[in-house]
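This report refers to the structure that appears directly beneath it.
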Protein chains: 2
Amino acid sequence: MIILEVIHYKTMMRDVEIEVFGGVIGLLFLVFGIWLGAKFFKKPSIDKYDADKLGLSKREIEVLELLANGYSNQEVADKLFVSLNTAKTHISNIYSKLNVKRRTQAVQKARDLALITPPKG
Amino acid sequence: MIILEVIHYKTMMRDVEIEVFGGVIGLLFLVFGIWLGAKFFKKPSIDKYDADKLGLSKREIEVLELLANGYSNQEVADKLFVSLNTAKTHISNIYSKLNVKRRTQAVQKARDLALITPPKG
DNA sequence: GACTAAATCACCCTAAAGGATGAGGAAAAA
DNA sequence: TTTTTCCTCATCCTTTAGGGTGATTTAGTC
């Protein structure tokens, strides 16, 4: 293994250099460890597969995320730079595809199916 | 620093021992890194928030649960065997106490504060 | 007993949400 | 190129949600 080879080569160095080297190696493992920790404990992103199965478009997922964050129709429209009518159309289409009748149900179903980013944490 | 002292002491060891030592040190940093990564990226476990601090009554928590399950005002009323007006009053009071303006925000906040039963698990 | 909080219900009104439908343009797929 | 999907916006209409206020009853507290 390359790293161990380098460690072996290090035996020719002076004492101060050895300590610095050890620190660098430790730092590398530390960074790698943090990366591993983040990889396995960080919240998962949206499941595009399920979204496709329900026929939800990219825009609709976007709207769904906003609904889950408590935005009103008008706020969704402002956020996406579209008219209120457009936002309402998207929302209505979402209800149809999710087979629900209200936004709270849509958000609930979206959470269950992991269609949206989970709540903060 | 203790670890660096140990690394220094290591210079008296034989080559094979050096490699093993390096692996151990790396492993320690790795574990520490994973711990760090988990600490900052893992979803924190929900501490049981004191509903009393928000002044939410038992009945209001009940209503909140129903809102989180996507019920309409009328359905909440039916579920609790009260009038629609009563349900609306409870809901309005909830909004005031949670300092929100819409039901989706109330549900969101209730989830964040673990005031209601989590969706799953 | 008086005080307080909680739960209940009512009426008024405005704002927001939702249903149905049509339609035009852009982009991708056939 | 034709078709289809998506995004966009619109109008009309109904239903639901929400804000404000006041009132009654009951249960627990001081």
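Bear in mind the structure is a predicted one, so any value in this text is a computation, not a measurement.
The number of heavy-atom neighbours closer than 6.0 Å to NZ of B/Lys79, taken from other residues, nucleotides and ligands shown, is 12 or below.
Per the geometry, CD1 belonging to B/Ile61 stands 10 Å off P belonging to C/dA7, to the nearest Å. Distance B/Ile94 CD1 to C/dA6 C1': 13 Å, rounded to the nearest Å. Counting to the nearest Å, the P atom of D/dT16 and the OH atom of B/Tyr95 are 15 Å from each other. Rounding to whole angstrom units, CG of residue B/Asn93 and P of D/dA17 are separated by 17 Å. Between the CG atom of B/Leu98 and the C1' atom of D/dG18 there is a distance of 15 Å, rounded to whole Å. Look at NE2 on B/His90: it is 15 Å from P on D/dG18, rounded to the nearest Å. In this entry the distance linking CG of A/Leu64 with P of D/dC7 reads 13 Å, nearest Å. D/dC7 atom P lies 9 Å from atom CD of A/Glu62, rounded to whole Å.
Taking CD of B/Glu60 as the reference point, atom CD1 of B/Ile94 lies at 5.5 Å (rounded to 0.5 Å). In this structure, A/Thr86 OG1 and A/Arg59 CZ are separated by 9.0 Å, a value rounded to the nearest 0.5 Å.
Across B/Leu98 and B/Ala106, no two heavy atoms sit closer than the pair CD1-O, 3.8 Å. Closest heavy-atom contact between A/Val76 and A/Tyr71: CG2-CB, 3.9 Å. Across every non-hydrogen atom of A/Thr104 and B/Gly70, the tightest pair is OG1-CA, 3.2 Å.
Taking every side-chain heavy atom of B/Ser72 into account, D/dA17 is the closest of C/dT8, C/dG19, D/dA17. Taking the side chain of A/Ser57 as heavy atoms from C-beta on, and the options C/dC9, D/dC6, C/dG18, the nearest nucleotide is D/dC6.
Placement of A/Leu56 and A/Leu80 within a single hydrophobic cluster is found when ILVMFWY residues are connected by side-chain heavy-atom separations under 4.5 Å, directly or transitively.
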A/Glu65 vs A/Asn69, side-chain hydrogen bond (donor to acceptor under 3.5 Å, both in side chains): CA-CA, chis, key distance, verdict: CA-CA 6 Å; A/Glu65 295 263 5; A/Asn69 282 306; 4.9 Å; no
Pair B/Asp78, B/Gln74 - check side-chain hydrogen bond (donor to acceptor under 3.5 Å, both in side chains), show working. CA-CA 6 Å; B/Asp78 294 342; B/Gln74 185 60 63; 3.1 Å; yes
Could you list, one pair per line, each protein nitrogen or oxygen that sits under 3.5 Å from a nitrogen or oxygen of nucleotides 24-30 of chain D, together with the distance?
none

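In this structure, B/Arg59 reaches the C/dT8 phosphate: one of its side-chain N or O atoms is under 4.0 Å from OP1 or OP2.
Judged by closest nucleotide on DNA chain C, B/Glu60 is the one of A/Ile91 and B/Glu60 placed further toward the 5' end.
DNA chain C is contacted by B/Val82, B/Ser83, B/Asn85, B/Thr86 of residues 78-88 of chain B, taking any non-hydrogen atom closer than 4.0 Å.
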